[in-house]
Amino acid sequence: MGAVVTSELAPRLDPRAIEPLRYGRWMDGGYFHVPASDVLEEGRDPYVIVIPPPNVTAPLHMGHGLNNTIQDVLIRWRRMQGRATVWVPGTDHAGIATQNVVERAIASEGLHRSDLGREKFVERVWAFVDVTGKTILEQLKAIGASCDWERTRFTLDEDLQQAVREVFVSLYEKGLIYRGEYIINWCPRCLTALSNEEAEGEETQGTLWHLRYPFAESSIPAARAAVEAGATSVGYFSDGRWYLTVSTTRPETMLGDTGVAVHPDDERYKALVGARVELPLAGRQIPVVADDHVDPAFGSGMVKVTPAHDPNDFEIAQRTGLLPIDVMTPDARMNEAVPPAFRGLDRLEARKAVLAALREEGLVAGDETHTRAVPHCYRCHTVVEPRLSEQWFVKMKPLAEPALQASRDGTVTFTPRHWQRVYEHWMENIRDWCISRQLWWGHRIPVWYCPAGHVIAARQDPTSCPECGSKELEQDPDVLDTWFSSQLWPFSVFGWPQETDDLRAFYPGHTMVTAPEILFFWVARMIMMGYEFRGETPFTEVFLTGTVRDIKGRKMSKSLGNGIDPLEVVHAYGADAMRYTLVSQAAVGTDIHLDHENVEAAFANGRNFANKIWNAGRFALMSLGDAPVQQIGPVAEHLQLEDAWIISRLQRVTAQATEDLERFRLHEVAEGLYHFFWGEICDWYLELIKARLAPGADAGSREAARATLVLVLDRAFRLLHPIVPFVTAELWARLPWPVGVPRPDDLIVAPWPEPDFEHASHEVERTMAGLQELIVEVRRLRKEYGVPEGERITIHVTGGPDGFLDTVSEQAAGILQLARVDRIRAERGTGVGAHGVLSNGTELFVPLEGVIDLERERQRLRDELGRLRGLVEGTRKKLANEAFVSRAPEEVVQKERDRLTQLEEQDSKLRAKLAELEGEGS
RNA sequence: GGGCGCUUAGCUCAGUCUGGUUAGAGCACCUGCCUUACAAGCAGGGGGUCGCUGGUUCGAGUCCAGCAGCGCCCACCA
């Protein structure tokens, strides 16, 4: 592509005109796909990311935008570094979440899933996820994600189902999966069991009621004994009966009480153990038992035991031999086990009814407000009901051990680091995982039951019972927790349990980029499964991104209506704009704030930067023209200060960007490159070489500028490419190329720059900094003294480091242009004018006879002298401090001395100037 | 109840690990410019007792302790 086309470049970047085409070219070029043979046969070094598969419940939101942009930045960077990069895309069937969405959809047709039946309902879900799944993948393409689309997976794909089966059966055979009746978290709306992680505690203010349970006639002596032992929560009833007091936040569960527990060492209640109390309303007697779990210091020190509706009570019951009585239906209504008056009532209605009935009998001793974490279903937010139920569980402790060790010994690292401790704490206290779900959408549990009660867990559907030969097998109706399949993702996507080439080439992977919310749900479990089934970690780095929030700090969510659609942003401002905006805010451990009410303002920074890159490129292409461009070598003798400077800066920026990428400091990468490109290349370098690129300029100087410009833009585009891939690739493709240098096919596979410190020079950078300061100072003085824009002036410069003035003189053309100065005289200026001093000691003087107000200038000098005196005093004081001089490093002290000398010189010069002016005006 | 994090400019945040020029950025604000790449721009400028108190140190935004406010995670106090 020749530079001729450059004249066609629009003055404004139009992302819609370039992004889809560019993406199409990348796809056509096959740049996103790396075959396993590259690693296995050619020995290339792999770099693998598996996408956190988005749920097929809905199109992507900005959180996905952030997460996937980060992954793409890492993938593009590693690809340019020459790694055999594979980024596996895909989607998650999201069991409970998707089932809910489809249930809502058919509800609008007046249908319930039971109206359709399992098979038809699942067909509906498939129809839904086919659409959403495709939408999601298209969205990823729109934001520029360079995924290996040939490896796209869905967690319900046929081969992934095989992986799930293999894992289930294998864990079952090892005794790590078991079935049993325990208290689980039950969502009465979704009508399924949930894992502990899926029941989200939410601080809720409720009421703690104190209830009286009367003693049975035969136990009154025990009650008396307890009172004598100091039991304050045991006493007379108004009608002469004896009672004890227990507390509860869920009074309706009292109907299922089968005991009251006290601590075995609680002296007050020792006499009560074995006593019997009347369970009010239920007309049953229940025993008092002793159990270590009871905290004597809390409440009355007596606990009502409801084994079927509370996990602790269940355990107490198991230890003490109490039997559970289930008093609720799956949808949390009171069942047949309760007195007729309460049957059929919803748990909250029942709560009111039970309290009313108890009050009537005078059995409510009181209440108090009570704050506690009430568990809610993470998908529908219904209050979870602890429920006794037969479910499948995974025994986690043995699985957790290697995964915990991996964190402790640094095999797996976490960024930000503090998540490591969170992870380890969870791992150390891990509890068994309830994996069965009473849903229709998901991986069916690969277990069959025969009429004789035999349980068959099988990799292939069995036709008869291996134990009794029965052919009347029935498969377990439940499906698995959606995370059961997600946890296999890092190896199931590569074809496991088959020993595929992909698996050998790309497992283990490298970086897991995800949200902290799913550290336990997903990340921890992937690591456990990695060790269990592959013997090694699925990835070595876990990078946890921030949360995308609105301007008020609220998490963006569909229900709050404060979300921003990534596609909308891409269409309006381009993927580059969105990516830069997100990445530049992605400081490690920090959330991202975007104004959903002013999307334009939210993404203006990124849009402006992309446009700036575009225009710089446009200028360069127009200025460079069609003539051949040289490499730096042949034009070395013509390089000017600014050429050497920008090349030097390039080396440092390259090194810094690489280091920051390695440490996931993406915010620093983005801002560092932004500053380099906009603040140094555009604001200084391009401006300084404009005159040299012009037609009449010296040929040697022009070729040096052209060569430098091409070099610097090429490298800058490479460095920026991972963050803003489209605009950089578009310009890079049109950039003239130095003769004799092989040109990569596309920027996407251009090698990542290596810093070359041979071409970096602090001396050059210092000199250039002085020059920049000089120009800024002249501009400032011009502005301060109101010199009209169009009016050219002369400046006088003196002092400063050796050689600085010579260099300045050599660079006169550039300075003259940037500062709008007529000429520079290396001599001391006199008369009325404006004074400036640079930090390297150079003084400048702008003669302004007739322009400035003398009185104002005198006042300015007096103010300046006052400020200087303060600085001089401070520095002297510091140097007079013996401790400082003797203990601080010599270079620090010397710096202070130099500073003092400089300040004193300035002071005396200003004094002289002031004296001069005072003589002149008055 | 346990653990963790945050507090720096009007706003959103870097900088703290490894103490050392005048504490930075983007946005917002003020002033002047349609200067032939870019007004989505250019140039200049204002704005900070670095949450509070104390300590270590020649020197603290940075290290230590305490306090306050905010936030997150975990947890079986009925």
Side-chain angles (χ1 to χ4, degrees), chain A residues 9 11-13 183 196 201 208 246-250 253 261 293-295 297-306 310-316 370 372-373 386 416-419 421-422 425-426 429 516-517 519-520 547 549 551 553 573 577 581 584-585 587-595 600-602 604-623 665 667-668 671-672 674-675 679 682-683 686-687 690 775-776 779-784 786 788-790 817-818 820 839 871 878 881-889 891-893 895-896 898-899:
Chain A
L9 292 191
R12 267 191 198 181
L13 169 62
I183 299 285
N196 295 324
L208 180 67
V246 290
S247 306
T248 182
T249 54
R250 297 183 296 148
T253 63
H293 169 76
V294 181
D295 176 2
F298 184 85
S300 65
M302 288 179 282
V303 186
K304 64 191 266 308
V305 182
T306 320
D310 184 282
N312 301 314
D313 292 4
F314 180 76
E315 284 176 21
I316 293 176
H370 182 78
R372 69 179 201 113
R417 250 190 8 214
H418 72 262
W419 288 107
R421 273 165 295 187
V422 177
H425 182 259
W426 188 76
N429 298 286
E517 297 98 276
L519 184 62
F520 307 140
T547 305
R549 300 179 181 279
I551 207 131
Y573 314 113
T581 300
S584 69
Q585 288 191 50
V588 169
T590 309
D591 289 343
I592 286 182
H593 295 251
L594 296 169
D595 187 351
E600 180 175 355
N605 193 220
R607 179 199 55 180
N608 294 355
F609 184 43
N611 191 53
K612 187 71 180 180
I613 296 171
W614 179 254
N615 267 295
R618 185 165 159 258
F619 166 76
L621 298 180
M622 289 193 301
S623 309
R665 297 164 64 91
H667 155 91
E668 281 78 3
E671 290 206 334
Y674 177 100
H675 179 257
C682 293
D683 290 350
L686 292 183
E687 294 301 331
K690 270 182 180 169
I775 292 168
V776 170
R779 285 170 174 165
R780 195 182 68 74
L781 292 172
R782 286 183 60 115
K783 187 117 176 170
E784 184 176 345
E789 287 274 327
Q817 181 168 328
L818 291 195
R820 301 186 167 252
S839 54
L871 288 174
K878 197 165 184 181
N881 182 339
E882 241 176 80
F884 172 69
V885 176
S886 59
R887 297 210 208 165
E891 55 185 74
V892 173
V893 178
K895 236 182 218 169
E896 285 300 317
D898 294 348
R899 192 170 134 83

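This is a predicted model, so every value here is computed, not measured.
- Within 4.0 Å (heavy atoms only), A/Arg820 reaches at least one base atom of the nucleic acid.
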Under-3.5 Å N/O pairs linking protein and nucleotides 3-8 of chain B:
none

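- Minimum interatomic distance between A/Asn611 and A/Arg12 (heavy atoms only, all atoms of both residues): OD1-CA, 3.6 Å.
- For the C1' atom pair drawn from B/rC29 and B/rU7, the interatomic distance equals 24 Å after rounding to whole Å.
- In this structure, the CG atom of A/Leu594 is 13 Å from the C1' atom of B/rC27, given to the nearest Å.
- Across the interface with RNA chain B, nearest-nucleotide mapping of A/Ala616 and A/Ala601 shows A/Ala601 to be the residue nearer the 5′ end.
- Contact check, A/Lys690 against B/rA37: a side-chain N or O comes under 4.0 Å of OP1 or OP2.
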query: Can you give one letter per nucleotide of nucleotides 39-48 of chain B, 5' to 3': B if a protein heavy atom sits under 4.0 Å from the base, S if only from the sugar-phosphate, - if neither?
result: -BSSBSS---
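- Taking atom CG of residue A/Leu686 and atom P of nucleotide B/rU36, one finds them 16 Å apart after rounding to whole Å.
- Taking atom C1' on both nucleotides, B/rG20 is separated from B/rG61 by 13 Å, rounded to a whole Å.
- Relative orientation of the A/Phe298 and A/His370 rings is perpendicular, given thresholds of 30° and 60° on the angle between their planes.
- Across B/rC27 and B/rA14, the matching C1' atoms stand 15 Å from one another, rounded to whole Å.
- Atoms CD and CG, from A/Glu600 and A/Asp595 in turn, are 11.5 Å apart once rounded to the nearest 0.5 Å.
- One atom, CD1 of A/Ile592, and another, P of B/rG71, lie 21 Å apart when rounded to the nearest Å.
- One P atom belongs to B/rG55, the other to B/rG15, and the distance between them is 29 Å to the nearest Å.
- Within the 4.0 angstrom heavy-atom criterion, base atoms lie near A/His293.
- Atom C1' of nucleotide B/rA14 and atom CZ of A/Arg665 are separated by 9 Å, given to the nearest angstrom.
- Spacing of C1' atoms, B/rC77 relative to B/rG10, comes out at 46 Å, to the nearest Å.
- Between the CG atom in A/Asn196 and the CZ atom in A/Phe520 there is a gap of 12.0 Å [rounded to 0.5 Å].
- When all heavy atoms are compared, the tightest approach of A/Asp313 to A/Thr306 is OD2-N, 2.7 Å.
- The separation between A/Leu519 atom CG and B/rC72 atom C1' is 13 Å, rounded to whole Å.
- Atom pair A/Arg372:CZ and B/rA78:C1' shows a separation of 9 Å (rounding to whole Å applied).
- When heavy atoms are screened at a 4.0 angstrom cut-off, A/Ala610 is found touching no nucleic acid atom at all.
- The interatomic distance linking A/Asn196 (CG) with B/rC76 (P) rounds to 7 Å, in whole Å.
- A distance-only check finds no donor-acceptor pair linking the side chain of A/Ser247 to the backbone of A/Leu208 [under 3.5 Å].
- Remark: P of B/rU36 and CG of A/Asn615 are 14 Å apart, rounded to the nearest angstrom.
- Within the cation-pi definition used here (under 6.0 Å to the ring centroid, within 45° of the axis), A/Lys690 qualifies as a partner of A/Phe619.
- Residue A/His667 places no side-chain N or O under 4.0 Å from the OP1 or OP2 atom of B/rC13.
- With the 3.5 Å cutoff on both pairing distances, Watson-Crick and G-U pairs in RNA chain B assemble into runs of at least 3 at B:1-7 with B:68-74, B:10-13 with B:24-27, B:29-33 with B:41-45, B:51-55 with B:63-67.
- Contact detail for A/Lys304 and A/Val246: the closest heavy-atom pair is N-CG1, 3.8 Å.
- Here the closest non-hydrogen pair linking A/Trp614 and A/Leu13 is CD1-N, 3.4 Å.
- A distance of 4.0 Å separates CG of A/Asp591 from OG1 of A/Thr547, quoted to the nearest 0.5 Å.
- Across all strands, A/Glu315 comes closer than 4.0 Å to no nucleic acid atom at all (heavy-atom distances).
- Each of B/rC74, B/rA37, B/rC27 was ranked by its minimum atom distance to the side chain of A/Phe520; first place goes to B/rC74.
- With rounding to the nearest 0.5 angstrom, the CG atom of A/Leu519 is 10.0 Å from the CD atom of A/Glu517.
- Mapping A/Gln585 and A/Arg250 onto RNA chain B via the closest heavy atom, the residue that lands nearer the 5' end is A/Gln585.
- As rounded to the nearest Å, B/rG47 and B/rA25 have C1' atoms that lie 15 Å from one another.
- B/rU8 and B/rG2 have their C1' atoms separated by 30 Å, with the value rounded to a whole Å.
- Taking the side chain of A/Asn605 as heavy atoms from C-beta on, and the options B/rA78, B/rA37, B/rG26, the nearest nucleotide is B/rG26.
- Taking every heavy atom of both residues into account, A/Gly201 and A/Ala373 meet most closely at CA-CB, 4.3 Å.
- Put simply, A/His370 has a side-chain N or O that comes within less than 4.0 Å of OP1 or OP2 on B/rA78.
- Taking only side-chain atoms of A/Phe298, from C-beta outward, the nucleotide of B/rC38, B/rG26, B/rA78 with the closest atom is B/rA78.
- The heavy-atom pair separating A/Glu687 from A/Gln817 by the smallest distance is O-NE2, 4.1 Å.
- Comparing the same atom, C1', in B/rG41 and in B/rU36 gives a spacing of 14 Å after rounding to whole Å.
- Between the side chain of A/Arg820 and the main chain of A/Arg782, no donor-acceptor pair closer than 3.5 Å is present.
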